[in-house]
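To keep things clear, I will list the structure first and then write my remarks on it.
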Amino acid sequence: MPIRSLHHVSFTVPDLEKTRQFAEDFGLLTVEKSDDHFVMQTGGGDAWCYQAHRGDRGFSGLGFLVESESDLEDAIKNHGASAIRKLETPGGGLAVTLTNPEGLKIDLVYGIDGDTPQEVHPELRLNTPASRTRFGEPQSTRPLGPASLYRLGHLGLFVKDYKTSAEWFEKTLGLKVSDSMHIPHNPDKTVVAFMRIDRGEHWVDHHAIFLAQSDKTDLHHISFEAQDFEAQARAHRWLLSKGWEPNWGIGRHPLGCHVFDVWFDPDRYRFETFTDTDLLNHDHETGHHDISKHEMDAWSSDPPEKYFE
Ligand SMILES: [Fe+2]
């Protein structure tokens, strides 16, 4: 299945307004709202990437953008997807829905009209000891406020059966394992995978999906690309000032190498900003690591608090 990118995530939430307020403070932009739902986008040109309907706390599913309408028909014929339907969300388009072995709903979407991207803040021109780039000029300043976000980049999933789930994402969606982790001293027992979208020679993020063996099936986190480190640091301070609860960060992952900053939304789902991710293509050789020997934060040896609840 030729997947182009991760497209969206869908939730049910008990307090729509509180969750939407958190998401706006985090940096997402409201494009549609009513008494029983809201739809949000990043400033990077997507029509939408995050939606919630009123209901009990829950993760309703995710969606990938495919290359052509015929990929939707292929998903019906070969993978048991639902019939093609028109999307009512901003930008229109078509969708089918797959159900994976753990009952998770995974949309495939096509033909959604994007929105106009927001203007990017001027790039920082840094003066480091080895490289001076700014002479006689102050650093450009950015307005205080939520982060400017550019796209939904990846998400993490707790799964009850790692092996079956990983095989499903590989065989049905063609995702590739960039790095995986196994239980201590037993390379045959894999429990974590970072999976990327397969676009052959073209460069893609180190992972679009992160799978972790658990006793439940649920979303672990969703992650949006911010402009740079400064944007993340400023967003961190902004979210603190608004009284939201940090989960982990700011730090840098050794696998994928992105700088991360993770926050709890009102229902304790994790929202992450990331920058400076590794890019891989078909030349990448899959890494397999012992989980007990692996630091998760290149900037600290402290284990992450409340990250795997
Ligand atoms: Fe992440």
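Counting starts at 1 for both ligands and their atoms, in listed order.
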Any side-chain donor near an acceptor of the partner, Q232 and Q227, under 3.5 Å: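 Checked: Q232/Q227 side chains show no N/O donor-acceptor pair below 3.5 Å.
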
Verify the distance criterion only: is there a donor paired with an acceptor across the side chains of T12 and R54 at less than 3.5 Å?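 No - no donor-acceptor pair under 3.5 Å links their side chains.
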
Check this for me: D35, atom CG, are more than 12 non-hydrogen atoms of other residues, nucleotides or ligands nearer than 6.0 Å?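 Counting other residues, nucleotides and ligands, CG of D35 stays at 12 neighbours or fewer.
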
Could you please give the number of protein N/O/S atoms within less than 2.8 Å of the Fe ion (ligand 1)?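 N, O or S atoms of the protein closer than 2.8 Å: 3.
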
Should H236 and D261 be marked as a side-chain hydrogen bond (donor to acceptor under 3.5 Å, both in side chains) after you check the CA-CA gap, both sets of side-chain angles, and the distance that decides it? CA-CA 7 Å; H236 188 99; D261 187 30; 2.9 Å; yes

Going by side chain to side chain contact (heavy atoms under 4.5 Å, CB included), H8 matches just one of L62, L65, D107, L87. Which one?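 The option that passes is D107.
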
Donor-acceptor contacts, no H, no angles, side chain residues 186-198, under 3.5 Å, sequence neighbours left out:
unit_1	atom_1	unit_2	atom_2	d
N186	OD1	D188	N	3.1
R196	NH1	S178	OG	3.1
D198	OD1	G200	N	3.0

